[in-house]
There are 2 protein chains.
Amino acid sequence: MPRMSQYDDDILGLLGQSTRFRGCQEIHVRLAERRPRGRRPPSLSTVYRTLYRLAQDGVLDTLQSPGGERLYRLCGTSSRHHHLLCRACGRVEDIARVEELSEVAERIGQDTGFGELDYSFELSGLCPGCS
Amino acid sequence: MPRMSQYDDDILGLLGQSTRFRGCQEIHVRLAERRPRGRRPPSLSTVYRTLYRLAQDGVLDTLQSPGGERLYRLCGTSSRHHHLLCRACGRVEDIARVEELSEVAERIGQDTGFGELDYSFELSGLCPGCS
DNA sequence: ATGTTCATGAAAATCATTTTCGCACCCTGG
DNA sequence: CCAGGGTGCGAAAATGATTTTCATGAACAT
């Protein structure tokens with residue numbers, strides 16, 4: 001559990017270039033390609049460690065891909081939101097209807113007596129460009 | 001891609017004993033324990049293959065556990081529903097509010113112009129007994 | 001019988017991820 | 001200045017779920 005990494009900025013910089021979610025492996029090869037000004041790129045282990053920590057710290061947003069891979073991107077400004085993934089091009093769109101979902105979740109909690117409710121709502125489809 | 005398996009009934013029978021979701025590994029050891037009337041229990045490969053096929057055929061319902069394991073149980077009678085998983089005891093409760101969610105999904109589709117929408121809504125919490 | 005099909009088990013292969021381990025570095029106190 | 005503790009790092013091994021490969025034998029058709 002490292003507290004910070006010399007690669008934080010590289011990773012955050014890369015993620016900042018787009019709003020797409022990316023997997024560890026992809027981030028790793030991207031950083032290796034760039035080979036930022038002579039420095040060695042981080043090892044795969046380090047990318048995993050760093051992404052894990054940044055996600056824990058709430059800096060990164062994570063999403064479980066259909067294939068079982070964990071994807072990351074910068075947290076938006078909005079406190080809580082969901083994502084709509086284009087199955088064809090991988091583009092991700094933010095979903096505005098957070099309140100509607102949290103209301104549903106709340107009602108479900110009341111229905112069932114469950115506490116400490118946590119939920120994830122993952123949408124996928126074909127974006128206008130791809131369909 | 002087998003079309004059917006001599007173990008279908010064993011697996012379906014086991015799953016029919018409870019409404020809990022179970023992983024392949026668990027099903028495999030349960031079947032091995034039972035050792036139904038002298039027959040050899042299925043191999044792990046076969047359990048995986050069979051569960052995969054049954055899920056494809058719509059006979060089984062699947063759920064992605066927080067730990068990344070795929071869990072299965074018999075499909076209920078209702079065509080579409082969601083689940084609430086107790087993080088402590090693994091119990092799963094059915095969620096009735098399907099229409100509310102599909103309405104939200106539909107509105108999202110209209111908002112964004114995405115088509116072929118598919119979604120999953122996974123809830124977890126602590127059941128009344130565990131909290 | 002001979003061939004073909006096909007589910008099966010065992011073991012190897014994958015794939016994403018985590019852990020281990022030794023090393024190099026940096027800092028701080030002596 | 002130097003020893004010692006802490007810490008990030010890379011490489012490789014370990015893990016764990018799942019998938020694939022491959023040889024086999026049973027069942028069925030010709």
Side-chain angles (χ1 to χ4, degrees), chain A residues 1-12 14-15 20-57 59-73 85 90 122, chain B residues 1-12 14-15 20-57 59-73 85 90 122:
Chain A
M1 52 288 261
R3 312 202 199 324
M4 82 158 288
S5 155
Q6 67 180 283
Y7 296 110
D8 281 21
D9 289 345
D10 293 314
I11 291 178
L12 293 173
L14 178 65
L15 290 173
R20 277 192 47 238
F21 278 79
R22 326 224 181 190
C24 289
Q25 320 254 356
E26 180 186 348
I27 293 172
H28 177 241
V29 305
R30 289 275 171 285
L31 291 180
E33 285 167 7
R34 288 222 230 141
R35 192 87 55 113
R37 346 153 192 107
R39 287 192 295 130
R40 328 167 74 228
S43 72
L44 189 54
S45 323
T46 298
V47 179
Y48 272 111
R49 279 190 281 241
T50 305
L51 289 172
Y52 178 85
R53 178 172 42 79
L54 290 173
Q56 287 268 306
D57 295 350
V59 180
L60 296 184
D61 221 5
T62 86
L63 166 61
Q64 190 82 4
S65 87
E69 197 181 359
R70 196 136 45 218
L71 307 177
Y72 299 85
R73 77 162 182 191
L85 168 72
E122 314 267 334
Chain B
M1 51 291 259
R3 312 199 199 326
M4 82 158 290
S5 155
Q6 67 179 282
Y7 296 110
D8 280 21
D9 289 345
D10 293 314
I11 290 178
L12 293 173
L14 178 66
L15 289 173
R20 277 191 47 237
F21 278 78
R22 327 223 182 192
C24 288
Q25 321 253 356
E26 180 186 348
I27 293 172
H28 177 242
V29 305
R30 289 273 171 287
L31 291 180
E33 284 167 8
R34 290 223 227 141
R35 191 89 54 111
R37 13 197 150 77
R39 287 192 296 129
R40 328 167 72 228
S43 72
L44 189 54
S45 322
T46 298
V47 178
Y48 271 110
R49 280 189 280 240
T50 306
L51 289 173
Y52 178 84
R53 179 173 41 79
L54 291 173
Q56 287 268 306
D57 294 351
V59 180
L60 297 183
D61 221 5
T62 86
L63 168 59
Q64 190 83 3
S65 87
E69 198 180 356
R70 196 137 44 218
L71 306 178
Y72 299 85
R73 77 164 182 189
L85 167 71
E122 313 267 333

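Below, read A as the first sequence line, B as the second, and so on, with proteins coming before strands; counting in each chain starts at 1. Predicted, not measured: the structure shown is a model, and the values here were computed from it.
- By the 4.5 Å heavy-atom criterion applied to side chains, A:Thr46 and A:Ser5 are counted as neighbours.
- When the salt bridge (Lys or Arg N to Asp or Glu O under 4.0 Å) test is applied to A:Arg53, the partners found at least two apart in sequence or on another chain are A:Asp8.
- The minimum heavy-atom distance linking A:Leu15 with A:Arg22 is given by the pair CD2-CG, 3.8 Å.
- Chain A approaches DNA chain C within less than 4.0 angstrom (heavy atoms of the protein), and the contacting nucleotides run 5' to 3' from C:dA16 to C:dT20.
- In terms of the ring pair (Phe, Tyr, Trp, His ring centres under 6.0 Å) criterion, A:Tyr72 has no residue partners (sequence neighbours excluded).
- Side-chain atoms of B:Arg49 and B:Tyr7, non-hydrogen and from C-beta on, never get closer than 4.5 Å to each other.
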Taking only nitrogen or oxygen atoms into account, show me every contact under 3.5 Å that the protein makes with nucleotides 26-28 of chain D, one pair per line with its distance.
none

>> Let's go through B:Arg34 and B:Asp10 carefully: what are the C-alpha distance in whole Å and the side-chain angles of both, what is the deciding distance for salt bridge (charged side-chain N to carboxylate O under 4.0 Å, His left out) to 0.1 Å, and is it a yes or a no?
In response: CA-CA 10 Å; B:Arg34 290 223 227 141; B:Asp10 293 314; 5.2 Å; no

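- For B:Arg30, the salt bridge (Lys or Arg N to Asp or Glu O under 4.0 Å) partners two or more places apart in sequence, or in a different chain, are B:Glu26, B:Glu33.
- Taken to the nearest 0.5 Å, the CD atom of B:Gln56 stands 10.0 Å off from the OG1 atom of B:Thr62.
- Put simply, CD1 on B:Ile27 and CG on B:Leu71 are 9.0 Å apart, with the number rounded to the nearest 0.5 Å.
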>> One character per nucleotide, please: for nucleotides 10-21 of chain D, 5' to 3', B when the base has a protein heavy atom closer than 4.0 Å, S when only the sugar-phosphate does, - otherwise.
In response: BBB----SBBBB

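- Looking only at side-chain heavy atoms (C-beta outward), A:Glu69 and A:Phe21 stay at 4.5 Å or farther from each other.
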